[in-house]
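Have a look at the structure below before the remarks.
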Amino acid sequence: HFQYDCSFYINVFNNCSNYCLYFIKILSVLMKAIILNLSAWAVLPFMDTIAKYLSSEISFFQITWARYFFTVFWTLPLMFFFFRKNLKWSENPKLQILRGMTLLSANVCFFYSISVISMAKALTLSFIAPLVTTALSPIILVEKVGFKRWSAVIVGFLGSLVVIRPGLIEFNLATLSALGTGFFYGIYLIITRKLHSVDNPLLTLLITGIVGAIISSLFVPIIWINLSQSQWLWLALMGIFACLGHLLLIYSLRYADASKLAPFGYFEIITNIILGYYFFKDFPDIWTFAGLFIIISSGIYVFRREFKNK
C-alpha cells in the first residue's frame, strides 16, 4: 500500500509539473507577443509626429508618398537578404491590391487630418475602425453580428459624436478625414482577415507598400515641391519608424492571434498624447477624453465578443 501511494503521488506531482511548465510556456509566448505588439504601437506615433511636423512645409500627400517610398526602400532589401523564401507571388493579388488601396486611403486621410487638428483627436476618431469592421462584416464576410455587438457599434459611434460635438464646435474637413481614416482602416482589417490564411504576412506588408508607392507616385508630381536635405532625412526616418512598427506587429502575430492582441492597439494613444504635447503643445480636452473612453470601451467589448465567439 505504501509503495502504491508513493507512486500515485509521484504521478500526480509529475502531471502537475508538466501542466505548470506548459502553462508557463504559453504565458511566456503570450508575453512575448504583447511586448512586441506594445512596442509597435509605441513606435508608430513617431511616424505621425514627423508627418505633422513636416506638414507645415510639405503637402500631406507628398508626405504620404514618402511614407510608402521609404517603407519599400527599407523593407525590400530586408526581405531579400533575410526572408527570401517569403518572396513568393500572392495567391490573391486582386485582394492584395485592394488592401493596399484602402490603407493608402486611410493614410492620406490621417496625414491630412493631423496637419490641421491634433494627433490625439485624429487618432481618437480613427479608433472607430473595429466598429466599422463589425458593421460591415455581415455584408463583406457574411458573419453574423448579434444585438450586443450592434449595440457596441452604436455606442462607439456616439462616442465619436462626443469628440466632434456637431453644432457646438466647427465640423471641418480634417475631422471628417479622421473619421474617414477609421472607415478605410476598418475595411483594411476585413481584407486582412481574408488574406491572413492565404499569404505570408511579410509578403502582405511588402505588396501593401508597393501598391501605395505606385499609386501615390502617379499623383504626387501635381503637388511636388523640391525638398531640402534635412526634409529628406526626416522623411527617411519616418519610413524607418513605419517599417519598424509594422515589422514588430507582424512578429507579434507569430506568437498570438490578432483577436488576442487587438485591444493593445489602443496603447498607441498614450504615446500619441505624450508626443503631441511635447512637440506641439496639444493636449486633449475633457470631451476628447470622454469620447475616447466610450470608443475604446466599445471596441474592447467588440473584440471580447469576437474572441468568445471564436
Is a side-chain donor or acceptor of [X] paired with a backbone partner of [Y] at a separation under 3.5 angstrom?
X      : Y      : result
Thr75  : Val72  : no
Glu268 : Leu44  : no
Gln231 : Ser228 : yes

For this session: Answer yes or no: does atom CG of Leu218 have more than 12 heavy-atom neighbours from other residues, nucleotides or ligands under 6.0 Å?
Result: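 Buried by this count: over 12 neighbours within 6.0 Å.
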Exercise. Is the number of heavy atoms from other residues, nucleotides or ligands under 6.0 Å of Phe61 CZ greater than 12?
Worked result: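 More than 12 heavy atoms, drawn from other residues, nucleotides or ligands, come within 6.0 Å of this atom.
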Problem set entry | Leu233-Ile240 co-clustered via ILVMFWY side chain contacts under 4.5 Å |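 Leu233 and Ile240: separate clusters.
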Could you report the tightest heavy-atom contact between [X] and [Y], atom names first, then the distance?
X      : Y      : value
Leu125 : Ser160 : CD2-O, 3.8 Å
Gly291 : Val162 : N-CG1, 3.8 Å
Trp74  : Ala236 : NE1-O, 3.2 Å
Gly159 : Ile294 : CA-CG2, 3.6 Å
Ser298 : Gly156 : OG-N, 3.3 Å
Lys121 : Thr288 : CA-CG2, 4.4 Å

For this session: Might you work through the side-chain hydrogen bond (donor to acceptor under 3.5 Å, both in side chains) test for Ser118 and Asp282, ending with a clear yes or no?
Result: CA-CA 6 Å; Ser118 70; Asp282 290 333; 5.2 Å; no
For this session: Have a look at Trp234 and tell me which of Phe70, Tyr53, Phe241 forms a ring-ring contact (aromatic ring centres under 6.0 Å, His included) with it.
Result: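 Exactly one candidate clears the test, Tyr53.
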Seminar exercise, completed: Exactly one of Ile274, Ile295, Leu292 clears side chain to side chain contact (heavy atoms under 4.5 Å, CB included) with Ile269, and that residue is Leu292
First locate atom [atom1] of [X], then atom [atom2] of [Y], and finally report the distance between them rounded to the nearest 0.5 Å.
X      : Y      : atom1 : atom2 : result
Arg99  : Leu104 : CZ    : CG    : 12.5 Å
Ile190 : Leu136 : CD1   : CG    : 4.5 Å
Asp48  : Phe111 : CG    : CZ    : 6.0 Å
Ser113 : Phe60  : OG    : CZ    : 10.0 Å
Leu235 : Leu54  : CG    : CG    : 5.5 Å
Gln96  : Leu206 : CD    : CG    : 9.5 Å

For this session: May I ask you to check whether Trp65 and Ser217 show a side-chain donor-acceptor distance below 3.5 Å?
Result: yes
Exercise. Between Tyr266 and Phe127, is the gap from one ring center to the other below 6.0 Å?
Worked result: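 Centroid separation for Tyr266 and Phe127: below 6.0 Å.
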Problem set entry | Any side-chain heavy-atom pair of Phe289 and Asp285 under 4.5 Å | no
For this session: Show the numbers, then the answer: is there a side chain to side chain contact (heavy atoms under 4.5 Å, CB included) between Ile35 and Ser39?
Result: CA-CA 6 Å; Ile35 290 167; Ser39 299; 4.2 Å; yes
Exercise. Does the cation-pi check pass for Lys52 over Phe279, that is, NZ or CZ under 6.0 Å from the six-membered ring centre and within 45° of its axis?
Worked result: no
For this session: With Lys281 as the cation and Phe283 as the aromatic partner, state whether NZ or CZ is under 6.0 Å from the six-membered ring centre and within 45° of the axis.
Result: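 Geometry flag: not set, cation outside 6.0 Å or 45°.
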